[in-house]
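Starting from 1, each residue takes its place in the sequence as its number.
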Amino acid sequence: MEQQLDYAAVRAAAGRIAGAIRPAAVVPAAEGVWYALEYLQHTGSFKARGARNFLAAHHRAGTLPEAGVTIASGGNAGLACAWAARAQGVPATVFLPANAPRVKVERLRGYGAEVRLVGDRYADALAACEEFAAASGALASHAYDHPLIAAGAGTLLDEIRAALPGLDTVVVAVGGGGLFAGIATAAREHGVRVVAAEPENSRALNAALEAGRVVDVAVDSVAGDSLGATRVSADALAAARCEGVRSVLVPDQAITAARRALWEEHRIVVEAGAATALAALRTAPQPLGERVAVVLCGANTDPGDLTAPGI
């Protein structure tokens, strides 16, 4: 099933997932700044959008096998895939690195997925997933690098625009680039600027821009469990090269501070990956725009370090 990532694909995705996902809540946070509360999405992250679009598209095309779907994921994409598969009534087999957060593994099993823990890197889980797909006939999904996944994620941008007329800038965290690519594709259609935020030591998009091509990067960040892709998608790199996109790196200390600020000021608990977007706003030397939306994209995390007494 041939697919490409463009605004038409984002609009098609919006039609497929309408009524199945929770429309984003957008709330004022500070002067000229709003938060898009996408962590309230089904499965606790934006990934539900892409997974639902991916499986719905295959179901409508008659290409969703009885063997179901399989995916390699550090957590959030696997959760979304399992949730979407359950909705379609097909099995999901999810491969994760053995060091995946326990809370994510437990929730995966709660969605009825078969969980297989392999190796200590995403690449190990991906290789095992590919072998399984070839042997079983299961449909192979991807955590971020697929036009249907990115287009589904991109539906968030039009929801933010509807809730926030006059939006001029959106700030989004980047790991492998699925959310960024989708949002940037939709944003370009409407002249909205995009700030792509990455940890300094998990910078697949920034490094690709610097090199002029997709490259592998090392990952060593507090946000590595959700932004720990070692390479960005080609669609994300293409989107980042367009006018109106800015790549920003933030240190782990700023990410941790932003995550704590969300808790202390708003009682919002998000992953370090989601806090990376806010960290980019908080460390910017000058305002990023006049009407800025910060995407808080996921909350599958242990809040213990935020709520422990004396911290």
- request: Sorted by first residue and then second, give each salt bridge (charged side-chain N to carboxylate O under 4.0 Å, His left out) pair with at least one member in residues 5-25; sequence neighbours left out.
  value: Arg11-Asp158
query: Does Pro199 offer a backbone N or O that forms a donor-acceptor pair with the side chain of Ser221 under 3.5 Å?
result: no
field: More than 12 heavy atoms from other groups under 6.0 Å of NE2 on His42
entry: yes
- line: So the ring pair (Phe, Tyr, Trp, His ring centres under 6.0 Å) pairs with at least one residue in residues 155-180 (sequence neighbours excluded) are none
task: Sorted by first residue and then second, give each salt bridge (charged side-chain N to carboxylate O under 4.0 Å, His left out) pair with at least one member in residues 168-182; sequence neighbours left out.
output: Asp168-Arg193
- prompt: ring pair (Phe, Tyr, Trp, His ring centres under 6.0 Å): which pairs involve residues 230-258, sequence neighbours left out?
  reply: none
statement: residues 269-297 vs side chain to side chain donor-acceptor pair (under 3.5 Å), sequence neighbours excluded, gives Asn76-Glu271, Ser226-Glu271
- prompt: Any idea which heavy atoms bring Leu164 and Ala293 closest together, and the distance?
  reply: CD2-CB, 4.3 Å
message: Can you list everything that forms a side-chain hydrogen bond (donor to acceptor under 3.5 Å, both in side chains) with Thr93? Sequence neighbours excluded, please.
response: none
Residues which pass side-chain hydrogen bond (donor to acceptor under 3.5 Å, both in side chains) with Thr301, listed by chain and number, not counting sequence neighbours: Arg259
message: Less than 4.5 Å apart, side chain to side chain, heavy atoms only: is that true for Val194 and Thr169?
response: no
- prompt: Taking everything shown except Arg267 itself, do over 12 heavy atoms lie less than 6.0 Å from its CZ?
  reply: yes
field: Expected output: side-chain Glu198 to main-chain Ala204 donor-acceptor under 3.5 Å
entry: yes
task: Measure the acute angle between the ring planes of Phe132 and Phe95, then classify it against the limits of 30° and 60° as parallel, tilted or perpendicular.
output: tilted
- prompt: Taking only residues at least two apart or on different chains, which pairs with a member in residues 230-244 satisfy salt bridge (charged side-chain N to carboxylate O under 4.0 Å, His left out)?
  reply: Asp216-Arg231
- prompt: Quick one: does Thr230's side chain have a donor or acceptor within less than 3.5 Å of a partner on Val217's backbone?
  reply: no
task: Could you tell me whether the side chain of Thr70 reaches within less than 4.5 Å of the side chain of Leu139, counting heavy atoms only?
output: no
Of all pairs that satisfy ring pair (Phe, Tyr, Trp, His ring centres under 6.0 Å), the ones with a partner from residues 3-33, not counting sequence neighbours: Tyr7-His190
task: Determine which pairs satisfy salt bridge (charged side-chain N to carboxylate O under 4.0 Å, His left out) with at least one residue from residues 30-54, sequence neighbours left out, and list them in order.
output: Glu38-Arg49, Arg49-Glu159
message: Do Ile268 and Val270 make a side-chain contact, defined as non-hydrogen atoms from C-beta onward lying under 4.5 Å apart?
response: yes
statement: Closest non-hydrogen contact found for Ala151 with Ala9 is CB-O, 3.7 Å
Polar side-chain atom of Asp252 near backbone of Val222 as donor-acceptor pair, under 3.5 Å: yes
message: Donor-acceptor pair, distance only, cut-off 3.5 Å: does the side chain of Thr256 make one with the backbone of Gln253?
response: no
- prompt: If you look at every heavy atom in Ile17 and Asn53, which pair is closest and at what distance?
  reply: CG2-N, 3.6 Å
query: Looking at residues at least two apart in the chain, or sitting in another chain, which of them share a side-chain hydrogen bond (donor to acceptor under 3.5 Å, both in side chains) with Arg116?
result: Glu114
message: Can you pull out every ring pair (Phe, Tyr, Trp, His ring centres under 6.0 Å) where at least one residue sits in residues 251-270? Sequence neighbours excluded, please.
response: Tyr35-His266
